[in-house]
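Working notes, beginning with the structure itself.
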Amino acid sequence: MGVIATAELTIDAPLQVTFQRFIDFSAWDLWMPPVIRPITGPARALRTGDLLTVDLGEGRRRLRTELNVIRVRPNRELCWRAGLRGVLVGEHSFFFADHNGKTAVRSEEPITGLLTSRPLASMVERA
């Protein structure tokens, strides 16, 4: 059993501009929310196979993790995988689509592993 985290957002910018900004790791610290702090990664657009290091969370609850970029489909999808095999693994995809000159972004993250089993699943779902 697993859980799927989802979110959607419409950005007031053209698809190509939004996607290029999103995959430019060197600029993440300018616009990423404070719960995601980029540490190391390429000083260029992301590519399949890239490894990124980020801090997740806030305050003393920060967790340093490595993200493995597993798919980059220009102007359509960026996907990375992170976690500890068997314990908690997420495969986070961001899907991009044109929406009348703006960009619709849908985030989906299927999460699997021991920590998604009952009774821990409800805690992971809330987080």
Side-chain angles (χ1 to χ4, degrees):
M1 179 189 275
V3 296
I4 298 177
T6 62
E8 294 185 24
L9 175 69
T10 300
I11 298 171
D12 192 8
L15 174 63
Q16 294 81 0
V17 171
T18 301
F19 187 81
Q20 286 305 310
R21 178 88 178 211
F22 199 88
I23 65 170
D24 180 5
F25 183 79
S26 65
W28 275 16
D29 61 339
L30 299 175
W31 61 269
M32 271 289 188
V35 297
I36 302 173
R37 186 172 50 181
I39 304 298
T40 62
R44 57 164 168 72
L46 296 175
R47 297 180 192 145
T48 299
D50 283 342
L51 296 177
L52 319 173
T53 303
V54 298
D55 277 349
L56 300 174
E58 298 175 336
R60 289 195 268 191
R61 292 184 172 202
R62 279 203 175 276
L63 170 69
R64 186 159 289 186
T65 192
E66 190 172 80
L67 309 176
N68 179 8
V69 178
I70 59 174
R71 275 190 307 280
V72 179
R73 297 186 312 153
N75 300 322
R76 295 181 60 199
E77 180 188 12
L78 171 65
C79 182
W80 60 64
R81 183 181 297 130
L84 185 58
R85 184 181 215 146
V87 178
L88 187 69
V89 175
E91 194 168 291
H92 200 138
S93 288
F94 296 89
F95 298 99
F96 298 80
D98 178 67
H99 186 69
N100 299 321
K102 298 179 181 182
T103 305
V105 181
R106 187 177 80 250
S107 169
E108 292 183 6
E109 184 172 19
I111 304 168
T112 59
L114 181 63
L115 292 180
T116 63
S117 300
R118 299 284 176 214
L120 297 172
S122 60
M123 180 183 72
V124 172
E125 283 185 60
R126 283 193 304 275

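Please read all numbers here as calculations on a predicted model, not as lab measurements.
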Please name the pair of heavy atoms, one in [X] and one in [Y], separated by the smallest distance, quoted to 0.1 Å.
X: N100; Y: D98; result: N-OD2, 3.7 Å
X: L15; Y: A97; result: CD1-N, 3.9 Å
X: P38; Y: V54; result: CA-CG1, 4.0 Å
X: P42; Y: D50; result: CG-OD2, 3.6 Å
X: A43; Y: S26; result: CA-CB, 4.0 Å
X: W28; Y: L46; result: CZ2-CD1, 3.8 Å

Handout entry: Note, Q20 side chain near V17 side chain (heavy atom, < 4.5 Å)
Key = no
To the nearest 0.5 Å, how far apart are [atom1] in [X] and [atom2] in [Y]?
X: R71; Y: E91; atom1: CZ; atom2: CD; answer: 5.5 Å
X: H99; Y: T10; atom1: NE2; atom2: OG1; answer: 5.0 Å
X: I23; Y: E77; atom1: CD1; atom2: CD; answer: 12.5 Å
X: H92; Y: E108; atom1: NE2; atom2: CD; answer: 9.0 Å
X: L78; Y: T48; atom1: CG; atom2: OG1; answer: 8.5 Å
X: L30; Y: D24; atom1: CG; atom2: CG; answer: 8.5 Å

Starting from [Y], can I reach [X] by hopping between I/L/V/M/F/W/Y residues whose side chains sit under 4.5 Å apart?
X: L51; Y: I70; answer: no
X: I36; Y: I39; answer: no
X: F95; Y: F19; answer: no
X: V105; Y: V35; answer: yes

Handout entry: Residue R62 excluded, over 12 heavy atoms near CZ under 6.0 Å
Key = yes
Handout entry: side-chain hydrogen bond (donor to acceptor under 3.5 Å, both in side chains) partners for D55, two or more places apart
Key = R37, R64
Problem - Salt bridge R106-E8, side-chain N to carboxylate O under 4.0 Å - result: no
Practice task
Sequence neighbours left out, what passes ring pair (Phe, Tyr, Trp, His ring centres under 6.0 Å) with F22? Give chain and number order.
Solution key: W31, F94, F96
Practice task
Answer yes or no: is there a donor N or O on one side and an acceptor on the other, between the side chain of T103 and the main chain of A13, under 3.5 Å?
Solution key: yes
